[in-house]
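Shown next, in structure tokens, is the structure this report addresses.
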Amino acid sequence: MGRNPIAFLQELRGHGDVVAFYVGPRRIHVVNSPELIRRVLVTDAHHFQRGEVFAKARMLLGDGLATADEPVHMRQRRVMQPAFHHDRIASYRDVMRAEVEKFVSTLEHGRQVEFDQALQQLTFTVTAKALFSTAPDAVDEVRRSLGPVLNGITVRAVLPFYEHIPTQANRRFEDSLRRITAAVDGVIAAYRKTGTDHGDLLSMLVVAMDDDDVRTQVMNILMAGTETTATTLSWAFYELARNPDVPMEPDRVLNETLRLHTPIWLLTRRVAEPIRLGDTELDAGAEVLVSLPTLHRDPELFPDPMRFDPSRSFDQAFLPFGAGRHKCIGDRFAWAEMTEVLTSVTARWRMEIAPGREIREVARAFLRPNALPMIPRSV
Ligand code: HEM
């Protein structure tokens with residue numbers, strides 16, 4: 001699990017619908033069958049809470065939509081849902097178009113770019129500007145500080161004693177956390193002062209929550225919405241470069257990319273009320289894992305699964321955005337943004353993979369390429 005988690009989880013699929021393994025003394029149950037996955041996420045979701053990783057993130061970031069359990073979660077979801085409605089997404093398209101246009105014009109024929117990093121910057125800016133529309137200075141500050149904060153949280157989740165050691169990285173984490181807090185608090189104060197409804201997420205949040213909760217939601221959205229989208233786009237450009245004959249139909253390309261390279265590779269849950277899944281009795285406190293990419297690479301469900309083939313059809317077992325009460329709130333937002341990036345970039349550039357570096361899949365917070373050096377060629 002430590003060395004190559006995806007291969008390990010893929011191998012476990014062959015051992016049954018629910019398979020247990022141990023991490024030290026902790027027993028973890030991997031749910032493999034599409035029917036049981038649906039029960040965990042949708043029909044029997046009330047038997048479960050979020051798992052361990054979320055508990056750590058919550059300690060550091062507070063109770064936000066991507067970390068909270070019931071009943072707080074449902075209350076927050078109701079407040080935030082309207083900002084992600086169909087008609088609202090249409091209004092974010094102007095920001096998306098403007099930012100993507102700027103991005104496309106920075107590319108130069110023949111000049112190599114670290115495309116994964118460039119996409120990360122782009123998706124960050126789009127999310128921040130669309131949802132917190134009138135705060136360009138804060139956007140820059142948060143962009144600078146978010147990386148150290150996210151890395152710090154991941155390290156703390158794995159090594160609980162780390163935060164008590166006075167290292168340079170720890171000081172940087174604390175400094176970045178302070179800066180982000182100050183920047184976001186500044187925006188919240190400005191929104192409260194003018195009382196104007198800017199028609200964005202932040203306007204909705206400030207009338208519904210206190211400052212601490214609003215800041216938490218801002219951080220949650222930036223955490224959940226930036227790297228997921230950037231990673232999917234990185235893989236899409238990678239696959240298009242390797243399969244130049246594939247027709248550029250954005251919906252198909254994106255679906256097949258999300259199947260083969262599902263960025264959220266682990267959903268974790270903890271049993272709150274005992275439940276029987278298949279032949280397995282799970283007591284309260286049991287840890288449950290669902291691995292989306294290995295589901296999407298099951299040859300029984302998706303024949304010749306490692307082949308990138310946008311013409312394949314998708315069925316019930318395709319869940320890149322999850323399902324049920326925690327289903328991604330930003331799926332339409334992500335889709336609109338990714339479509340805009342794909343169509344605008346490919347209209348002007350053919351992105352080639354730069355020679356000389358091996359590109360591998362790595363399982364970090366998300367399932368992403370280790371690097372993506374690319375060279376734009378005018379079309
Ligand atoms: C391709 C891009 C994306 C993918 C693949 C993705 C995937 C997912 C998945 C699988 C979940 C469910 C987690 C679970 O069940 O534990 C989730 C939840 C979430 N996503 Fe996304 N996501 C993407 C983009 C976004 C964007 C753009 C935003 C916001 C702007 C966002 C915000 C959230 C939030 C807030 C949650 C928690 C929802 C809840 O628990 O009620 N995501 N996402």
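Whatever order the structure lists them in is the order used to number ligands and atoms, beginning at 1. No experiment lies behind these values; they were computed from the predicted model shown.
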Practice item. For ligand 1, find out whether one of its N or O atoms is nearer than 3.5 Å to an N or O atom of R269. Key: yes
**Study point:** Intermediate values then yes/no, ring pair (Phe, Tyr, Trp, His ring centres under 6.0 Å), F8 and F21
**Key:** CA-CA 11 Å; F8 176 76; F21 70 98; 5.1 Å; yes
**Study point:** Test of proximity, H326 against ligand 1: N or O pairs below 3.5 Å
**Key:** yes
Review point. Looking only at heavy atoms, what is the nearest atom pair of V379 and R350, with distance?
Key: CG1-N, 3.5 Å
Check your understanding: Of all the heavy atoms in H73, does at least one lie under 4.0 Å from an atom in ligand 1?
Key -> yes
Review point. To which of A236, G225, A230 does the heavy atom nearest atom 27 (C) of ligand 1 belong?
Key: G225
Practice item. Pick whichever of G330, C328, A128 has a heavy atom sitting closest to atom 42 (N) of ligand 1. Key: C328
Exercise for review: Take every heavy atom of F84, measure it against each atom of ligand 1, and state whether any distance is under 4.0 Å.
Suggested key: yes
Exercise for review: Check whether the ring centres of H261 and H296 lie less than 6.0 Å apart, and answer yes or no.
Suggested key: no
**Study point:** From L319 atom CG to L41 atom CG, the distance as rounded to the nearest 0.5 Å
**Key:** 7.0 Å
**Study point:** Flag, side chain of N220 to backbone of A66, donor-acceptor distance under 3.5 Å
**Key:** yes
Check your understanding: So, the side chain of R312 versus the backbone of P303: is there a donor-acceptor pair under 3.5 Å, distance only?
Key -> yes
Exercise for review: Would you please determine whether R325 falls within less than 4.0 Å of ligand 1 on a heavy-atom basis?
Suggested key: yes
Practice item. Would you check the N or O atoms of T232, main chain and side chain alike, for any that come under 3.5 Å of an N or O of ligand 1? Key: no
Exercise for review: Any atoms of ligand 1 less than 4.0 Å from a non-hydrogen atom of P320? List them with their elements.
Suggested key: 5 (C), 7 (C), 10 (C)
Exercise for review: Consider every N or O of R50 and every N or O of ligand 1, then say whether any pair is closer than 3.5 Å.
Suggested key: yes
Point to revise | Least distance between heavy atoms, E361 atom then R297 atom | key: OE1-NH2, 2.6 Å
Review point. Which ligand 1 atoms does F333 reach within 4.0 Å, using its non-hydrogen atoms?
Key: 27 (C)
Review point. Does L65 come within less than 4.0 angstrom of ligand 1, counting non-hydrogen atoms of the residue?
Key: yes
Check your understanding: Using 4.0 Å as the upper bound for N to carboxylate O, is an ion pair formed by E287 and R27?
Key -> no
